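Take a look at the structure set out below.
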Amino acid sequence: MKFLKPVSILFYAIVALTFAGCRSKNGAEEPKKMAIVVSTLNNPWFVFLAERAQAKAKELGYESKVFDSQNNTALETDHFENAMASGYDAILFNPTDADGSIVNVKNATAAGVPVFCMDREVNSNEAATSQILSDSYSGCVSIARYFVETLNKKGKYVEILGMVGDNNTWNRSKGFHSVVDHYPGLKMVAQQSADFDRNKAMEVLESILQAQPDIDAVFCGNDAMAMGAYQALVAAGKADKVKVFGFDGAEDVVNSIKDGKIMATGMQFPEVMAQTAANFADEYFKGKRDFPKKMPVAVELVVKGNIENYAAYGKKE
Amino acid sequence: MKKMVRYGVFLLIVAFLAYNSVYFKKLDEVKAGTASFNAAKYAKEFWAKKLTPSLSKSAETGQLLSLLRTDKDKAFKDHANALGIGNIKYFLIKGTGKVTDVEENQVLFRLESGAEKPEMRIATEYVFGNAVRDASGTIDINEFSNSMDFNNVSAEINEIIRENVIPPFKSKVKKGDVIEFTGAIELNQEHLKLDNIEIIPISLKIRDL
């Protein structure tokens, strides 16, 4: 009998440890976690997107952490691997590259981690669980129409593009050109990328102005670049003559439209996208699997005439 | 001699790797969307098989405007379509009206209706956007793997309007004509404005007097 005691203690210890292990793995007390992987935090628009996603995740009762990909697909891959290794249960994702990011999304979904794209798209309907995207094309169609009316169908203009690997860049450009190219009196004298970056846009326009000093307008693929372009025009003493158009609905551009410095922007709603992505992840955790592959979010034209309806990033006053 | 061969092989390998590591693409090629997708063909089929049959379900314009004033939420719920989230929604409408002016970019008319009789505009110049594609609610964005293809469908639908719907109308229409129309309109549910509504036409007919 005496020799059985240590054996039974060992047996009970193993059983206790097994149950303890099961509880910590499957138990309800361990909250699910969401990783928020964002293309860059060097642009206040994406900072707002990440903050809103984090706030919504918290409101829904989940832990979350923001990862900054710094517009680098390789770094984004590292973030995905880290997120999966660290046991994150869903990824709210703002990709760096429509094609280059597909593999990251596929790896995560293959590992059972759902991915919800926010604002930027990956070129695959099968990869992400759902993609919640701004309807950039339609937003830029509205901007372009205002552009044509404001310039009275004639003049020289410059287009500053975002990142060439991002679908939003081309959706915006194509939406814009689907209108403007119908007017032969409107001549595009330069088209260059400034990677959605304010400083780069300033440099790009400064250099274009050397060769093309008599332009009438600048269309920029986002508001950061619109502000950079405006700075270049101020420095060149042309800010009163050249009309600047942006896209995003960022705070400084909304204020600049009020002041008459920028003509128009397309108001995106990052909060709506971030909240929808977090809600979808929550529904996924609760068992839902049938999500729309793409969910466009309408973009609204903001001009001086309707500025009272809008605040930065589509927030309500 | 052996050394020369070794250097030669080494240089060839380096050249091969360098050539295959970098490639150049024209910006136009990047813009093009999926090469295999024919947006013009899709738009033509959409027009014939989905949009035209949907026109019978268009809302009578005067009644819709009255409902928008009295019960906005019901009007949007019952008659509007949109492919995603947001304030912008599209309606398919029909009606008749009397032309009050023919301008460079639009035709103005007074709506004939038992309900509202506002002045409205038919776009004859700025035929752009997704109103016609999305108003019938018969197109599914998830059929398209690339949103550029989906957007190209809109551009091609608008091209059909620009080429087939507007020219025969614009060449004949004059002040005082009574017209019958079907078309699509875009309204902002949050910031609703019911004056000066612009219609993107789908069909236009001048009534014989």
Side-chain angles (χ1 to χ4, degrees), chain A residues 98 121 123-127 130-142 144-146 148-149 153 161 164-165 167-171 173-175 177-180 182-183 191-193 267-269 272-273 275-276 291-301 306 308-310 314 316, chain B residues 24-34 39 80-90 104-106 123 125-134 139-159 162-163 186-193 198 200:
Chain A
E121 169 181 33
N123 283 337
S124 167
N125 262 7
E126 309 312 316
S130 186
Q131 306 200 61
I132 303 113
L133 313 164
S134 269
D135 192 352
S136 295
Y137 179 90
S138 310
C140 284
V141 166
S142 306
R145 180 185 166 159
Y146 186 68
V148 174
E149 286 176 327
K153 301 178 189 171
L161 298 161
V164 292
N167 275 11
N168 277 341
T169 297
W170 298 112
N171 284 337
S173 179
K174 204 166 171 71
H177 284 284
S178 76
V179 177
V180 174
H182 282 89
Y183 300 93
Q191 181 191 46
Q192 270 190 50
S193 166
M267 181 61 73
Q268 298 196 85
F269 296 87
V272 173
M273 287 187 270
Q275 289 183 344
T276 308
F291 292 95
K293 284 291 171 192
K294 274 181 200 164
M295 177 63 82
V297 178
V299 173
E300 298 175 28
L301 175 70
N306 68 3
E308 74 279 0
N309 293 334
Y310 299 96
K316 285 183 183 166
Chain B
F24 295 92
K25 230 176 174 180
K26 281 186 179 176
L27 284 181
D28 288 349
E29 287 170 22
V30 180
K31 283 191 239 178
T34 315
N81 276 303
L83 292 169
I85 317 166
N87 300 324
I88 307 280
K89 304 273 164 66
Y90 304 101
E104 183 190 348
N105 300 328
Q106 59 200 357
E125 173 72 32
Y126 297 115
V127 178
F128 302 108
N130 299 331
V132 176
R133 186 193 66 188
D134 298 354
I139 196 163
D140 179 11
I141 189 174
N142 294 307
E143 282 176 33
F144 300 83
S145 64
N146 183 315
S147 52
M148 212 92 76
D149 294 341
F150 190 57
N151 296 329
N152 286 339
V153 169
S154 248
E156 291 298 338
I157 289 171
N158 293 332
E159 201 57 39
R162 232 176 271 119
E163 282 179 8
E186 173 187 313
L187 294 175
N188 186 316
Q189 190 165 3
E190 179 81 19
H191 310 295
L192 187 62
K193 267 185 80 184
E198 182 184 71
I200 305 291

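What's counted below: heavy atoms across the whole structure, side chains too, no hydrogens, waters or symmetry copies. Source: prediction; values computed, not measured. Letters A, B, ... mirror the listed sequences (proteins, then strands); counts begin at 1.
- Screening A:Pro292, A:Pro296, A:Ser138 against B:Leu83 for a side chain to side chain contact (heavy atoms under 4.5 Å, CB included) leaves a single residue, A:Pro296.
- With a threshold of 4.5 angstrom between heavy atoms, A:Asp135 approaches chain B through side-chain atoms but not through N, CA, C or O.
- Of the possible donor and acceptor atoms, one in the side chain of A:Lys294 sits under 3.5 Å from a partner among the backbone N and O of B:Phe144.
- For B:Glu159, the part lying under 4.5 angstrom from a heavy atom of chain A is the side chain only.
- Taking chain B as the reference chain and counting heavy-atom pairs below 4.5 Å, the highest number among A:Leu133, A:Val299, A:Val179 is found for A:Val179.
- In this structure, B:Arg133 fails the cation-pi test against B:Tyr90, since its NZ or CZ atom is not both closer than 6.0 Å to the six-membered ring centre and inside 45 degrees of the ring normal.
- Contact of B:Asn130 with chain A is made through the side chain alone, with heavy-atom distances under 4.5 Å.
- No part of A:Gln131 comes within reach of chain B, as not one of its non-hydrogen atoms sits under 4.5 angstrom from that chain.
- Proximity to chain A (any heavy atom under 4.5 Å) is restricted, for B:Asn105, to the side chain, taken from C-beta onward.
- A 4.5 Å side-chain heavy-atom check between A:Asn306 and A:Glu300 finds every atom pair outside the cut-off.
- Neither the backbone nor the side chain of B:Asp140 comes within contact range of chain A; no heavy atoms are under 4.5 Å apart.
- In this structure, B:Asn188 contributes its side chain and B:Lys193 its backbone to no donor-acceptor pair below 3.5 Å.
- Using a 4.5 Å cut-off between heavy atoms, A:Thr276 touches chain B through its side chain atoms alone.
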message: Determine whether A:Lys174 and B:Asn152 satisfy the following criterion, side chain to side chain contact (heavy atoms under 4.5 Å, CB included), listing intermediate values before the conclusion.
response: CA-CA 9 Å; A:Lys174 204 166 171 71; B:Asn152 286 339; 2.5 Å; yes
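- A donor-acceptor pair under 3.5 Å is absent between the side-chain atoms of A:Ser173 and the main chain of A:Trp170, judged by distance alone.
- Between chain B and the options A:Met273, A:Glu126, A:Lys153, A:Glu121, the largest number of non-hydrogen pairs under 4.5 Å is found for A:Lys153.
- When heavy atoms are compared at a cutoff of 4.5 Å, B:Glu104 approaches chain A solely by way of its side chain, counted from C-beta outward.
- For chain B, the nearby part of A:Val272 is the side chain; its heavy atoms alone come within less than 4.5 Å.
- Contact detail for B:Gly129 and A:Val141: the closest heavy-atom pair is N-CG1, 3.4 Å.
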